Amino acid sequence: MQPPTADDWDAYAESFDAEPDHGLGNPQARAAWADLVLPQLPPAPATVADLGCGTGTLSVLLALAGYQVKGIDTSPRMLEVARRKASGAGVDATFELADAADPPYPAASVDAVVVRHVLWALPDPGAAVERWAALLRPGGVLLLVEGCWSTGSGLSAAECERLVQGHLESVTVRRLEDPALWGRPIDDERFLLRALSRDVR
């Protein structure tokens with residue numbers, strides 16, 4: 001299966017949040033994602049880059065928790081939705097049209113990089129992970145949410161671990177089987193990978 005293009009995501013923007021794990025409109029789903037992601041990050045008000053932010057759901061979740069959030073995406077229409085969502089929530093998350101594989105940020109400029117369901121769709125995931133690792137300040141955290149989905153798309157946890165090893169340290173993987181995260185029971189592989197900047201001792 002070919003990864004979606006920016007035009008594909010544009011066409012999907014207005015209906016994207018209908019999926020329970022995309023829009024987090026259900027309080028139980030929102031709470032489940034907050035409980036999953038927030039404890040993995042440095043304390044707020046750390047700076048978080050949400051790469052491939054889509055409609056900005058995670059960006060807004062993080063901003064509401066006190067983080068300084070900047071999101072990027074290649075879909076202008078997704079970013080329009082993200083900006084509306086941030087404005088409606090009264091948060092100052094910023095959004096920019098840019099390629100998640102090569103974010104327009106200097107090295108060692110953020111405390112955390114959060115990437116959900118993006119790595120699988122990139123043409124050179126290894127190069128992207130190397131670039132993301134370089135963005136982290138000492139003590140920085142990379143969080144990847146990925147999976148091998150029932151559609152046949154995705155990356156396995158073992159593949160993601162291989163991509164991250166050599167760039168970051170203390171790599172851990174947590175399986176994401178809680179139906180509250182997805183709005184339904186799942187039977188495919190979904191996981192959170194966490195890794196730390198090499199400067200962490």
Side-chain angles (χ1 to χ4, degrees), residues 6 9-10 12-119 121 128 131-132 135-146 174 176 178 180-183 192-197:
W9 292 122
D10 271 351
Y12 195 17
E14 293 301 328
S15 62
F16 186 78
D17 283 350
E19 290 291 330
D21 60 305
H22 292 172
L24 302 186
N26 180 298
Q28 184 180 12
R30 178 172 287 273
W33 280 97
D35 291 345
L36 173 69
V37 173
L38 297 180
Q40 308 292 333
L41 296 172
T47 300
V48 180
D50 183 4
L51 308 182
C53 64
T55 60
T57 299
L58 281 187
S59 293
V60 170
L61 186 73
L62 294 169
L64 286 168
Y67 288 94
Q68 299 177 53
V69 183
K70 45 190 182 180
I72 62 173
D73 204 276
T74 57
S75 165
R77 290 187 181 173
M78 288 277 191
L79 292 175
E80 288 173 10
V81 176
R83 292 185 184 106
R84 291 200 304 264
K85 193 177 295 182
S87 177
V91 295
D92 292 329
T94 61
F95 299 99
E96 184 176 357
L97 186 67
D99 186 354
D102 189 20
Y105 308 137
S109 63
V110 301
D111 300 300
V113 170
V114 175
V115 192
R116 183 170 73 152
H117 301 166
V118 172
L119 188 60
R131 177 77 176 96
W132 299 343
L135 296 179
L136 294 171
R137 294 176 178 139
V141 176
L142 171 69
L143 293 184
L144 299 178
V145 178
E146 291 289 341
R174 175 178 171 180
L176 302 182
D178 182 359
L181 293 167
W182 313 109
L192 171 74
L193 183 148
R194 182 179 191 265
L196 304 181
S197 165

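Numbers for residues simply follow the sequence, beginning at 1. Just so we're clear, the structure is a prediction, and the values are computed from it rather than from any experiment.
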Rounded to the nearest 0.5 Å, what separates atom CG in Leu142 from atom CG in Leu193?
7.0 Å
Could you tell me the separation between the OG1 atom of Thr55 and the NZ atom of Lys85, rounded to the nearest 0.5 Å?
3.0 Å
Keeping the roles fixed (side chain from [X], backbone from [Y]), state whether a donor-acceptor pair exists under 3.5 Å.
X	Y	answer
Asp21	Leu181	no
Thr57	His22	yes
Trp132	Ala100	yes
Asp111	Gly140	no
Gln68	Pro45	yes
Arg194	Gln40	yes
Glu146	Val118	yes
Arg83	Phe95	yes
Arg174	Leu192	no

Output, in order, the C-alpha distance, side-chain angles, deciding distance and verdict of side-chain contact (heavy atoms from CB on, under 4.5 Å) for Val115 and Leu143.
CA-CA 6 Å; Val115 192; Leu143 293 184; over 6 Å; no
So do [Y] and [X] actually touch side chain to side chain, heavy atoms under 4.5 Å?
X	Y	value
Val37	Leu62	yes
Asp17	Val81	yes
Pro42	Val141	yes
Pro76	Leu97	yes
His117	Val145	yes

Could you pull out the closest heavy-atom pair between [X] and [Y], with the gap in Å?
X	Y	value
Ala63	Val91	CB-CB, 3.7 Å
Asp73	Gly54	OD2-N, 2.8 Å
Ser59	Cys53	OG-CB, 3.9 Å
Ala89	Leu64	O-CD2, 3.9 Å
Pro106	Leu135	O-CD2, 3.6 Å
Ile72	Pro104	CD1-CD, 4.1 Å

Do Thr47 and Lys70 have a side chain donor and acceptor closer than 3.5 Å?
no
Could you list all the side chain to side chain donor-acceptor pair (under 3.5 Å) pairs where at least one residue sits in residues 89-105, not counting sequence neighbours?
Asp102-Arg131
Salt-bridged, Asp50 to Arg116, with N to O below 4.0 Å?
no
Let me see the working for Leu38 and Asp35 under side-chain contact (heavy atoms from CB on, under 4.5 Å), right down to the final yes or no.
CA-CA 6 Å; Leu38 297 180; Asp35 291 345; over 6 Å; no
With under 30° as parallel and over 60° as perpendicular, where do the rings of Trp182 and Trp33 fit, or are they tilted in between?
perpendicular
With sequence neighbours left out, write down each residue that passes side-chain contact (heavy atoms from CB on, under 4.5 Å) with Gln28, or none if nothing qualifies.
Asn26, Ala180
Which pairs with one or both residues in residues 52-85 pass ring pair (Phe, Tyr, Trp, His ring centres under 6.0 Å), sequence neighbours excluded?
none
